[in-house]
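Have a look at the structure below before the remarks.
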Amino acid sequence: MLTAGNIVTTATILYRSHLKSYLKISLISSLWLLVPILFGLLGSIFVIGFSDTFNSTSVLIFFLIATPTWLLLLVYCWAKAWLNSALISRLGFCELMNQPETPKAARKKIASQLWMFFLAGVLLGLVLVSVYIAFTLVFVIFLIAILTGIAVVFAGIFQGGSFPEDPTFIGILTVLGVLLYIVAIFIFLGGVLWFYARLFLLEVPIAVHGNTNALKALGVSWKLTQKNIRFVIRIISIAALVNLPLWTIVQGISALIQPLLTAWITSDYNLLFVFSYLISSIVGVVGNIVLLPFWQALKAVTYYDLRRRKEGLGLQLREVTADNTPSVDYF
Amino acid sequence: MRFLNQIRLLTPESVELEFTLAGIGNRAIALLIDYLIWGFSLLLLYIGMFYLFFQIGSFWDNISGGSEGIRLWLIAIQILLVFIVYCGYFVFFETLWRGQTPGKRFLKIRVIRDNGQPAGLPQATLRALLRPLDDIFSLGALLIMFTPKEKRLGDWLAGTLVIQEERPIIKEIFAISEDAKALVPYLQNQSNFMRLLPEDFTIIRAYLQRRSLMEPEARAKKSRELARQVRDIILLETVPEGVTANQFLEAVYWAYQEQIAPP
């Protein structure tokens, strides 16, 4: 059993020792995410480029055919991308269990779970978006209610019922509002982090065991993190802290390229904008490709450690087929 | 701890020592804690000195009638104090606590020399001097992540390693129930403990140590599974009625220990 810090270290070492193969899978995963964007761009260029040649009916027909096709493509590509990222977790987990697999063999074993990964991804997205919306609503209502409450109370005490137009009073109200806002932001972030931590291991059971569905996997992640939620949040926070150096490099590269670009393209501002947008996107994608294996390895190590803690994973004795023992199970 | 970086050292006395390196996770939190304490102390120092020196300054003004000399002295002292805290924090703690700062102490990690001896003033100073360089673009953190000995520039120059102090997360001691102890003579008579290998015993002990952390459901399942396997190994034919899997495993643990080292 490891401490939170050691779990993060183990994930880094796991990643470092399989750098090439994990990076390759991460690259494949990111490319799958790029495919629908590419097709969307191509479609738009096609429509814009030929809008003079075609009449409006044929453009409409094109849209009617292209949109559902594109949506199907999107679903398929996302499923593929999530399968590939989960594949890294599976490889990591097998490595920890001392039963290493080749990426090829592992991919074959989880290929049939493609739609489960998609469902899991959608489930995770739905939960996080609902949490986000719920928190935002509660937050807005809470803020308005408290500020109105304070205003009413103050008005009642000092102004005999009428709303004061005194600048000090409005100042106090503003400061209180800002303080409440900061507190609420922290509660908000904490809440989202809490939910994220509960669902942190969502895709790992699907990738590791295969014969499970997305809802069951959600249950597994929920149960494993139940009593160890602070532990998991600590792991995620330390991992984010350890990620900082890599982000500084990514930001550093962006910061270095920007002035070069500005010096190079001096006349056309639109071109400059397009280029800087393109470069920051590429840097972002590359950063994501580099960091994804780390987070997936982290999930593998966390899953491994929690199952050791809570289920005694790895405590296994030899199976002896003794001929003189009765087959009745006493315990 | 198979996946954490290990290091073997040969001390000048030819004693071989094995250490687990601290790792990026622990070192990152330790650094964060240290920077927080450090920043907070600097802030307090500034506020405290500002208040104190303002008082001294106005007091001096009253008695001397506004001479400027004392103010320059106060500013000089202030700069000196800030400099001492700014540079001395890591040197002070790593020297005083033999390679530990408050952050490292909290995380139970320690700086040692490459030969396994405790780090002293020269090592702490060199590490502190190179710290700003290591902080540029997080160079140090990257070196810790990507080199086998987890050395940042300061560690290379000072010839130091950062290691974990051994500490078990789980308690070594666990209670054996009286019911289980009562079962021991029966087991010793009826079964063959010679068939139980030391590895098997290690797993039984690990289970007994870890069971309090386990989920009740998983614990029940695991204990039944292990008890059945143990029973098969030691060729025990019948288990007395009413004995739970946990009691059985405790009894096996106790009986095996007595067999090896009779009291």
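To find a chain, count down the sequence lines: A is the first, B the second, and so on, and within it residues start at 1.
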* How far apart are the closest heavy atoms of A:V242 and B:G25, and which atoms are they? -> CG2-CA, 4.3 Å
* Where on A:I238 is there a heavy atom nearer than 4.5 Å to chain B: the side chain, the backbone, both, or neither? -> side chain
* To do: Of all the heavy-atom pairs spanning A:E95 and B:F3, show the shortest one and how long it is.
  => O-CZ, 3.7 Å
* Name the region of A:Q226, side chain, backbone, both or neither, that has any atom closer than 4.5 Å to a heavy atom of chain B. => neither
* Check whether more than 12 heavy atoms from other residues, nucleotides or ligands sit under 6.0 Å from atom CZ of B:R131, and answer yes or no. => yes
* Asked: Given side chains that start at C-beta, do those of A:R309 and B:E215 come closer than 4.5 Å, heavy atoms only?
  -> no
* Among the options B:L142, B:D200, B:I144, pick out the one with the most heavy-atom pairs lying under 4.5 Å from chain A. => B:D200
* To do: Taking the side chain as every heavy atom from C-beta outward, state whether B:N26 and A:T3 have any pair of such atoms under 4.5 Å apart.
  => yes
* Is it the side chain or the backbone of A:I7 that comes within 4.5 Å of chain B heavy atoms, both, or neither? -> neither
* Asked: Are any non-hydrogen side-chain atoms of B:M214 and A:L313 less than 4.5 angstrom apart?
  -> no
* Walk me through it: do B:E199 and A:L317 pass the test side chain to side chain contact (heavy atoms under 4.5 Å, CB included)? => CA-CA 9 Å; B:E199 299 90 83; A:L317 285 170; over 6 Å; no
* Answer yes or no: is there a side-chain heavy-atom contact under 4.5 Å between B:Q164 and A:N6? => yes
* To do: Enter the distance from A:Y15:OH to B:M145:CE here, rounded to the nearest 0.5 Å.
  => 10.5 Å
* Asked: Is B:E217 close to A:E311 at the side-chain level, that is, under 4.5 Å between some pair of heavy atoms?
  -> no
* Structure fact -> Comparing B:L32, B:L21, B:L197 against chain A, the one with the most heavy-atom pairs below 4.5 Å turns out to be B:L197
* Closest approach of A:T9 to B:E150 (non-hydrogen atoms, all atoms of both residues) -> CG2-OE2, 4.4 Å
* Does atom NZ of B:K181 have more than 12 heavy-atom neighbours from other groups under 6.0 Å away? -> yes
* Asked: Donor-acceptor pair, B:R210 side chain versus A:R308 backbone, under 3.5 Å?
  -> yes
* Part of B:A30 lying under 4.5 Å from any heavy atom of chain A -> neither
* **Side chain / backbone / both / neither for A:L306 at chain B, heavy atoms under 4.5 Å** => neither
* Asked: Considering only heavy atoms from C-beta outward, does the side chain of B:R219 approach that of A:K310 to under 4.5 Å?
  -> no
* **Residue B:E225 versus chain A: region with a heavy atom under 4.5 Å** => side chain
* **Side-chain heavy-atom pair A:I13, B:I24 within 4.5 angstrom cut-off** => no
* For A:T10, is it the side chain, the backbone, both or neither that has a heavy atom under 4.5 Å from a heavy atom of chain B? -> both
* To do: Looking only at non-hydrogen atoms, find the nearest pair between B:L213 and A:M1 and report the distance.
  => CD1-SD, 3.8 Å
* Less than 4.5 Å apart, any side-chain heavy atom of A:R234 and any of B:I29? -> no
* **Check: B:S138 main-chain N/O paired with A:T248 side-chain donor or acceptor under 3.5 Å** => no
